Structures are given as C-alpha cells and as structure tokens.
Amino acid sequence: MLPVKQAEEIILGLVQPMDPVEDQEQVELLSARGRVLAESVVGTLDFPHWDNSAMDGYAVRYEDVAEVRGDRPLQLEIIEEIPAGKPPQKTIDKGQAARIFTGSMMPPGADTVTIQEDTQRQGDRVEILSAPSQRGEWVRYQGSFYQSGTPLLSPGIVLSAPDIAVLATAQITQVPVYRRCKIAILSTGDELVAPGQPLKPGQLVDSNQYALAAAVTAAGGEPLLMGIVGDQPEALQKAIAHALTVADIVLSTGGVSVGDYDYVEQILTQLKGTIHIKKVGIRPGKPLTVASFPREASTSSVLYFGLPGNPVSALVTFWRFVQPAMRKFAGWKQGWEPQFLTARSQQELRGGGPREIYLWGKIHCIDGIYQFEPAGGSHSSGNLINLAQTTALAVIPVGVSRIAPGDPIQVLAIDG
Ligand code: AMP
Ligand code: MG
C-alpha cells in the first residue's frame with residue numbers, strides 16, 4: 001500500500017505533457033477562457049497604442065504652466081477639442097491648450113494634462129489654477145504598459161478573463177491552445193444500469209460515469225463515455241482495449257478490489273500494460289490501480305486509472321490523483337499538483353488507521369478565515385448522497401486520531 005504522496009509522485013512522473021505543436025488547435029477568442037495557451041503570444045501593437053490622456057482636462061505645454069499658483073492663474077487659448085477616438089488636428093503652441101478627455105490622443109506640442117478640477121473655463125479660454133507636479137502628468141505614454149514585439153503571454157497558462165482582455169487588445173482573435181485531453185470513462189459491474197433504465201432487485205444505477213464525466217469537463221478535459229461493461233473478462237478486455245485506442249487517459253470504475261469478479265488488473269496485464277500502483281493508503285479509495293500503455297507512434301503513453309467502484313471513492317481519487325495528472329498532461333506550466341489550503345475545522349474530526357483520510361464537506365470563508373464544515377451524516381464511501389455540494393476535502397494525516405473544533409487542517413478545494 002503506497003502512501004498518498006508517493007502515489008502522486010509516481011503518477012505525475014508518468015505524465016508527459018502534450019506536444020505544444022502537434023497537440024495545438026486554434027480557438028476563437030470567446031471560446032478561449034479556461035483553455036491552456038500552447039505558445040507564446042507576441043503583440044504587434046504598443047499599449048497604450050499612442051500617447052493619451054489619463055483624465056478629463058486640458059492638454060498643455062509643461063513650460064507654460066509650470067510656475068502657475070493659485071494667486072497667479074494663467075489663461076490659455078483653447079484651440080481644439082479632442083474627443084476619444086478622433087486624432088488631434090492642431091499643434092499646441094505657446095499659450096495654447098486643447099480640451100481633452102480620458103483616452104483621447106495627446107496633441108502634438110502638448111506634453112502634460114491639467115485635470116479639469118484644476119481649471120476654470122471661460123468661453124474659448126481656460127484658466128489654469130495650479131501647476132502640474134511634473135512634466136507628463138496624467139499622460140499615458142505609448143508603449144509604457146507594453147511594447148510590441150515582446151512576449152505578451154507565455155505558454156502553459158490557463159486563460160482567464162483578464163488574459164482574454166489582453167488578447168483582445170492585442171487583436172489576437174484566434175488563440176493557439178492545447179487541444180482538450182480525451183478521457184475515456186467506463187463503468188464495470190454486472191449490477192449496473194444506466195440512469196433512466198428500470199431497476200431490477202439487486203441492481204444499482206451507474207452514477208460514476210456521469211460523475212466522472214462532469215468532473216472531467218470541469219477539469220478542462222473531454223469525456224468519452226464508453227458505457228457499462230459487465231463483469232465478464234472478455235467483454236471487459238475488449239472495452240478497455242478499445243478505450244486505450246481513443247483516449248489519452250482511461251478511467252474505469254469498479255472491479256479493482258479483491259472480489260471474485262474483479263478482473264481489471266488481470267486484464268491490464270494481458271493487454272501488456274505496466275502496472276505501477278495497485279493500492280494506495282487513502283480512505284476512501286484504497287483499491288486504486290494505475291497502469292501505463294505504450295501509445296502507437298509516440299513516445300508518450302496512455303495512462304490507465306482503475307478507480308474504485310464506490311461512488312465517493314471514485315470521485316475522491318479522481319480529485320486527488322487524476323485531476324493533477326490531467327493538468328500536467330494538458331500543458332499547464334505549473335501548479336498542477338493539488339493545492340491545499342489551511343482551514344479551521346468547524347467540528348471534531350476523527351482519524352486513525354494506516355491510511356490518509358479524506359473527509360468531504362464544504363469550505364467557507366468567514367471573517368477572512370477558511371473554515372471546513374464536514375458533510376452531515378456518515379462519511380461512508382458508499383454514501384454518495386451526502387457528497388452533494390461538496391466543495392472541499394479535509395485531510396487527516398496518518399497518525400492523527402483527532403482534530404478538535406477550531407484546529408487547523410489541510411483542505412483540498414474542489415472546483416466545478
Ligand atoms: P467494486 O469496486 O466493483 O467492488 O464496487 C464497489 C461498490 O461500488 C459496489 O457497491 C458497487 O455496486 C459500487 N459501484 C461500482 N460501480 C459503480 C458505478 N458505476 N456507479 C455507482 N456505484 C458503483
Ligand atoms: Mg464490481
């Protein structure tokens with residue numbers, strides 16, 4: 001039984017990220033949020049695009065107004081009004097100013113903006129009431145935020161709303177991103193029926209395929225639903241062999257315990273997979289099988305996760321092990337490892353035993369402090385009902401038997 005951290009290291013060590021060229025696709029800017037940038041983006045426009053005003057006011061020459069004081073105001077002639085979006089037509093000379101608005105282009109000759117509040121308008125003249133603190137005050141210079149030709153965004157970042165703003169302003173409407181990784185999902189078990197099918201005595205609804213498809217989508221992958229396969233070795237072997245040809249990562253649930261009908265491990269060996277992990281010291285989720293298969297015409301391999309059948313175990317092991325592997329595979333430059341937060345437990349939590357324990361519940365931020373509220377009812381791996389609305393998993397390390405209310409605890413936040 002491998003400790004959790006060691007299993008994580010083995011799994012992440014097996015993952016070879018996608019190829020930034022071969023696995024690249026172009027998406028429309030509006031579809032790029034959440035996608036992983038595949039190559040460095042370089043803009044062809046300076047930002048700001050030209051010298052412009054940061055405020056509403058008057059474009060002036062610094063030397064004209066440098067000596068102005070409240071008791072010695074200065075009148076300037078307004079020779080032009082420059083609305084946003086219109087280039088200035090005139091050059092500002094000694095004794096002249098232009099009415100200017102936020103974002104408007106600075107007119108030639110002017111080098112400073114006096115804000116409206118420091119002026120008094122008198123027809124086609126303006127009285128300047130105070131001197132700017134320096135030349136260039138309230139001017140945003142061309143290229144002062146970004147110079148064209150230099151890297152704007154680097155590969156391996158997950159694009160978010162501000163990145164979309166940056167891409168839009170750089171006029172990059174087609175964005176080079178990694179393709180979504182394909183995750184095949186299959187459920188094993190003679191007892192399973194698809195949701196919506198009549199249930200005979202002893203049968204169970206296959207929730208895992210749906211739960212995992214949702215989790216895969218939330219993690220940025222493309223789920224490929226491979227259906228339910230009964231506990232027949234031949235059918236299972238065929239289904240797994242097929243899944244391995246269409247996906248980057250294959251997830252199965254069930255059939256990895258030590259029961260008489262648990263065939264997955266034996267099939268993986270028959271299919272010439274290398275088995276790296278058979279059991280992990282995690283509760284829930286101990287019977288986790290991880291294997292790799294060489295991929296045709298490639299140096300990378302297809303990863304196989306045989307997740308436990310218990311619905312809670314399946315999701316917990318997905319969040320703890322599969323999601324980080326997906327992120328690394330998807331081209332994330334960094335941060336693919338699970339990110340733990342420190343929270344205070346709202347209730348007493350019980351630990352013990354040889355495995356690291358993951359308790360599901362909710363995370364709240366109260367007065368700036370994270371708090372963990374364990375799910376009500378039993379933390380049984382077969383109880384998927386109280387898994388609803390889970391936003392965090394709290395970790396009780398091996399060797400810790402009790403967490404008192406208010407004690408700090410490491411928490412894995414679940415997104416999506
Ligand atoms: P197994 O690992 O196949 O022994 O399954 C462990 C438990 O999880 C059994 O109670 C199964 O009925 C249940 N289970 C297995 N697969 C699924 C599934 N796809 N959806 C919901 N429950 C499942
Ligand atoms: Mg089973």
Side-chain angles (χ1 to χ4, degrees), residues 1-2 7 183-219 221 223-240 242-243 247 249-270 273 275 277-291 304-323 355 357-358 360 375 377-390:
M1 194 166 74
L2 278 174
I183 315 288
I185 306 167
L186 61 102
S187 290
T188 75
D190 282 338
E191 73 279 30
L192 301 174
V193 297
Q197 295 302 305
L199 202 62
K200 297 199 191 94
Q203 291 187 322
L204 185 75
V205 179
D206 166 27
S207 59
N208 284 349
Q209 223 179 146
Y210 289 78
L212 291 172
V216 162
T217 305
L224 308 175
L225 298 191
M226 312 301 287
I228 298 170
V229 189
D231 294 312
Q232 294 98 34
E234 301 77 31
L236 203 48
Q237 174 154 353
K238 218 172 128 198
I240 291 175
H242 173 61
I249 296 175
V250 177
L251 310 179
S252 66
T253 61
V256 286
S257 310
V258 289
D260 292 346
Y261 300 98
D262 294 334
Y263 298 118
V264 169
E265 201 181 300
Q266 154 199 337
I267 289 169
L268 298 178
T269 309
Q270 278 161 9
I275 296 185
I277 295 174
K278 293 182 182 180
K279 277 195 185 72
V280 180
I282 183 169
R283 196 177 100 199
K286 178 172 71 172
L288 172 72
T289 302
V290 179
Y304 188 99
F305 290 86
L307 306 178
N310 273 314
V312 175
S313 312
L315 273 178
V316 168
T317 48
F318 176 88
W319 288 321
R320 185 63 186 82
F321 300 112
V322 182
Q323 184 160 326
R355 292 184 277 162
I357 298 174
Y358 284 67
W360 50 103
S378 129
H379 273 104
S380 149
S381 60
N383 180 6
L384 67 79
I385 303 301
N386 75 349
L387 194 63
Q389 293 292 297
T390 290

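Both counts, for ligands and for their atoms, begin at 1 and track the order of listing. Since this is a predicted model, take the numbers as computed values, not measurements.
The salt bridge (Lys or Arg N to Asp or Glu O under 4.0 Å) analysis of residues 254-266, with sequence neighbours excluded, yields the pairs Glu265-Lys278.
Listed by atom number, the atoms of ligand 1 under 4.0 Å from Thr253 heavy atoms are 19 (N). Annotation for ligand 1: atoms under 4.0 Å from non-hydrogen atoms of Gly254 are 1 (P), 2 (O), 3 (O). Within ligand 1, the atoms closer than 4.0 Å to a non-hydrogen atom of Ser187 are 19 (N), numbered from 1 in the order shown. Every atom of ligand 1 is numbered from 1 in the order shown, and the set under 4.0 Å from a heavy atom of Val205 is 20 (N), 21 (C).
Of the listed options Asp262, Ile185, Asp206, Asp206 places a heavy atom closest to atom 19 (N) of ligand 1.
Checked by atom type and distance alone, the side chain of Asn386 pairs as donor or acceptor with a backbone atom of Ser378 at under 3.5 Å. In this structure a side-chain-to-backbone donor-acceptor pair under 3.5 Å is missing from Arg355 to Gly281. Between the side chain of Ser380 and the backbone N or O of Gly382, at least one donor-acceptor pair lies under 3.5 Å. Using a distance-only test at 3.5 Å, with no hydrogens or angles considered, a donor-acceptor pair links the side chain of Thr188 to the main chain of Thr253.
Ligand 1 has at least one atom lying under 4.0 Å from a heavy atom of Pro311. Residue-ligand proximity: Ile228 is placed with every non-hydrogen atom at 4.0 Å or more from ligand 1. In this structure, Gly189 falls outside the shell of residues with a heavy atom less than 4.0 angstrom from ligand 1.
Across every non-hydrogen atom of Gly227 and Gln209, the tightest pair is N-OE1, 2.8 Å. Heavy atoms only, all atoms of each residue included: Ala215 and Leu315 are closest at CB-CD2, 4.1 Å.
Polar contact check, Asn310 against ligand 1: a nitrogen or oxygen pair lies under 3.5 Å apart.
In terms of protein heavy atoms, atom 4 (O) of ligand 1 is closest to Ser257 OG, 3.8 Å. Among all non-hydrogen protein atoms, the one lying nearest atom 3 (O) of ligand 1 is Gly255 N, 2.9 Å. With respect to atom 11 (C) of ligand 1, the closest heavy atom belonging to the protein is Glu191 OE2, 3.1 Å. At the shortest separation from atom 22 (N) of ligand 1 among protein heavy atoms lies Leu204 CD2, 3.3 Å. Nearest protein heavy-atom neighbour of atom 17 (C) of ligand 1: Asn208 ND2, 3.3 Å. The protein heavy atom nearest to atom 2 (O) of ligand 1 is Gly309 N, 3.3 Å. Scanning the protein for heavy atoms near atom 20 (N) of ligand 1, the closest one is Ser207 N, 3.2 Å.
Between Thr289 and Tyr304, the side chains place no donor N or O within less than 3.5 Å of an acceptor N or O (distance only, hydrogens not considered).
If you run side chain to side chain contact (heavy atoms under 4.5 Å, CB included) between Leu307 and each of Val316, Asn208, Leu212, Val256, only Leu212 comes through. Partner Ser187 forms a side chain to side chain contact (heavy atoms under 4.5 Å, CB included) with one of Leu192, Leu225, Val229, Leu251 and no other, that one being Leu192.
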Extract all donor-acceptor atom pairs below 3.5 Å that involve side chains of residues 193-201 and protein atoms in other chains or at least two apart in sequence.
none

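With a heavy-atom cut-off of 4.0 Å, Leu384 does not touch ligand 1 at all.
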